[in-house]
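Everything on this sheet refers to the single structure shown next.
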Amino acid sequence: MKTLIILSCFVLPIILCACDDSGGEDNNHNNVNNSNNTNNVNNSNNVNNIPDFSTPVGDPAVLYELRGIINTYAALEGGTATDGIGGMSLHVDGDDVLYSQRPVITEFCSSDGTGLIVLSTIGVVSGDSNPHENHVQSGTYSTIYVYLEKAGLLALKEAGQEILRGDAIHVVVHVRTEYFERIDGVRLYRRCNTLVDTGESTSAIQVEMAGVTDFSPGEVVVSRGNVAMTGDTEVITARTGLTEMDEGELCRFIIDGEYVDGETFYSELYADLALDCELPDGFMEGNGDVLTGLFKGTIEVSRGDGTEAGGPGSFDLTLGGAAVEVDDMNRFAAIDQDATEVVHLVLMGDYRAITSSHISLNIVNVDFSREELLASAAEGLTVLDATAVEGALVYYYEYKEIGGGFRYMVCPLAVPSEDTSGWQIAVCNTENVDFDLGEPFQVALNIPMTNDATALAEATGISEACSCVENTAAIDCSDF
């Protein structure tokens with residue numbers, strides 16, 4: 001079963017580019033505009049004039065205290081960055097919201113080469129309990145970023161000082177991110193700069209200089225701040241460079257790591273899953289009892305226990321006029337290690353944990369002949385004959401552990417109709433050599449189904465409604 005981990009997938013794309021990245025690509029997802037570089041050191045702010053870091057200087061305001069090593073961007077991007085200790089707090093409308101997840105200090109460069117030290121923390125990640133039907137997951141999270149110019153910090157250290165005030169602070173930004181993962185694996189982000197520091201002299205940041213040589217990766221930074229913020233969109237534009245307004249917020253849009261405009265973003269947000277080849281008109285239209293859907297994944301090794309990685313897809317099954325859930329748990333294409341002549345397309349849905357050791361689900365298994373695929377599936381889209389499918393079965397599966405063993409029940413629910421004239425099977429061959437492990441498998445199905453008892457018995461050899469097994473021996477299902 002595919003596990004979706006929001007944090008590892010969605011909170012890492014943070015800011016700018018690594019200082020040694022000669023490509024110059026702005027990987028910040030546009031939190032700041034690099035023109036906002038001030039290298040001011042107020043010599044009156046000596047180390048003995050320590051500001052108040054406990055009472056907010058405004059509403060809204062950011063207060064924080066962080067201690068940690070400076071990470072490289074590569075470590076952050078690769079998920080190996082070392083978290084710091086501490087957190088940030090957003091004071092807004094009289095309330096304090098804690099931002100304590102993933103406190104990280106990282107070295108960055110702007111696209112013009114300006115070196116920055118960036119402190120960031122994440123607030124609560126909120127996942128949607130009922131995402132759109134075209135989405136695997138969606139949700140929101142917010143991040144606070146404190147950008148400090150490296151040259152300014154070095155000048156501060158040389159002057160024997162530790163306090164930055166007002167416009168000597170490069171910029172502090174509050175970013176709210178909405179994230180979406182479509183069923184085809186495409187990831188979309190709407191990142192909006194909702195607050196930015198005012199640049200006023202009431203704001204102060206302290207960076208302890210003891211033990212710091214040149215703010216290189218591996219050195220330890222201790223910093224605390226009390227920064228006045230504003231939601232004024234003109235100030236946000238002036239401080240961060242964002243100009244695209246969306247529902248009253250200044251936002252940047254990303255699709256699979258590429259910046260796009262808002263119009264493109266929204267046109268793609270709820271786009272249906274599609275193969276890389278265009279299907280004929282009406283290909284997916286079906287009436288009555290029918291299995292329809294698309295799969296767009298990679299062929300993997302069959303494990304036999306449902307833990308295959310799976311891939312993007314979406315299927316619908318109608319039986320007796322009612323919808324049957326068949327793929328909300330997993331869907332994958334796989335080859336058996338010891339029998340490689342068949343590509344299995346497996347769907348798993350309506351999973352239920354009856355107890356901690358007793359589960360049930362619906363399973364669809366459609367077996368494709370590799371020989372037929374190799375013979376028939378030319379480059380691009382190929383509509384295959386029904387002979388490409390060696391067998392197909394929809395069944396209910398129940399499994400439970402018992403003392404010293406296990407029992408399972410298989411109840412056939414549907415098989416393809418005997419009349420294959422209504423079958424439609426299409427394969428999109430993009431990079432396939434021999435439909436082997438690691439190669440793409442893109443397929444569209446529209447197969448009329450039947451739950452006729454005689455047809456089920458003939459196709460499966462199971463004359464009763466269900467077949468039950470204890471360990472390796474058949475048992476009466478009344479004993480299950």
Would E208 and R224 pass as an ion pair if we require N to O under 4.0 Å? yes

If you draw the axis of the six-membered ring of Y259, does the NZ or CZ of R252 fall within 45° of it and under 6.0 Å from the ring centre? yes

### Lys/Arg-Asp/Glu bridge criterion (N-O < 4.0 Å) met for K400, E398
no

Relative to each other, are the rings of F253 and F265 parallel, tilted or perpendicular (30° and 60° limits)?
tilted

From the list D327, I363, V366, side chain to side chain contact (heavy atoms under 4.5 Å, CB included) partner of V346 resolves to I363

Measure up the Y145 and Y147 rings against each other and bin them: parallel (under 30°), tilted (30 to 60°), perpendicular (over 60°).
-> tilted

- Query: Between K150 and E107, does at least one N-O distance fall below 4.0 Å, as a salt bridge requires?
  - Reply: yes

message = With a sphere of 6.0 Å drawn around OH of Y408, does it hold more than 12 non-hydrogen atoms of other residues, nucleotides or ligands?
response = no

Mind telling me whether H135 and F180 have parallel, tilted or perpendicular rings, with 30° and 60° as the class edges? tilted

Does K157 pair with E162 as a salt bridge, N-O distance under 4.0 Å? no

dist D197:CG -> H174:NE2 (nearest 0.5 Å) comes out at 13.5 Å

So do E244 and D246 actually touch side chain to side chain, heavy atoms under 4.5 Å? no

Report the C-alpha distance between D276 and Q442 in whole Å, list the side-chain angles of each, state the deciding distance to 0.1 Å, and finish with yes or no for side chain to side chain donor-acceptor pair (under 3.5 Å).
CA-CA 8 Å; D276 291 340; Q442 298 190 37; 2.9 Å; yes

Donor-acceptor side-chain pairing of Y399 and S360 below 3.5 angstrom: no

What one should report as the nearest heavy-atom pair of T240 and V196 is CG2-CG2, 3.9 Å

* Asked: When you look at S138 and D128, which way does the side chain to side chain donor-acceptor pair (under 3.5 Å) test go after all the steps?
  -> CA-CA 6 Å; S138 59; D128 294 332; 2.5 Å; yes

After noting the C-alpha distance and the side-chain angles of D214 and S216, does the key distance pass the side chain to side chain donor-acceptor pair (under 3.5 Å) rule?
CA-CA 6 Å; D214 56 4; S216 294; 2.6 Å; yes

d(C251 SG, D261 CG) to nearest 0.5 Å is 13.0 Å

*asked:* With a 4.0 Å cut-off on N to O distance, would you call R190 and E249 a salt bridge?
replied: yes

Interatomic distance, CG@L361 vs CZ@R352, rounded to 0.5 Å, equals 10.5 Å

Rounding to 0.5 Å, atoms CD1 (I144) and CD1 (I122) come to a distance of 11.0 Å

_Residue pair N362, Y351: steps toward the side chain to side chain donor-acceptor pair (under 3.5 Å) verdict_ = CA-CA 7 Å; N362 296 326; Y351 175 89; over 6 Å; no

Inset, instruction - Give a yes-or-no answer on whether the side chains of R176 and T194 include a donor-acceptor pair shorter than 3.5 Å. - result: no

Taken to the nearest 0.5 Å, the spacing of L148 CG from I117 CD1 works out to 8.0 Å

Report, as yes or no, whether the 6.0 Å neighbourhood of atom CG on D281 holds more than 12 heavy atoms from other residues, nucleotides or ligands.
-> no

Which of parallel (below 30°), tilted (30 to 60°) and perpendicular (above 60°) describes F295 and F441?
tilted

Checklist line | Step-by-step side-chain contact (heavy atoms from CB on, under 4.5 Å) determination, Y99 to L90 | finding: CA-CA 7 Å; Y99 285 60; L90 177 63; 3.8 Å; yes

Under a 3.5 Å cutoff, is there a donor and acceptor pairing between the side chains of T307 and D305?
yes

Distance col, row L164:CG vs I205:CD1, nearest 0.5 angstrom, shows 6.5 Å

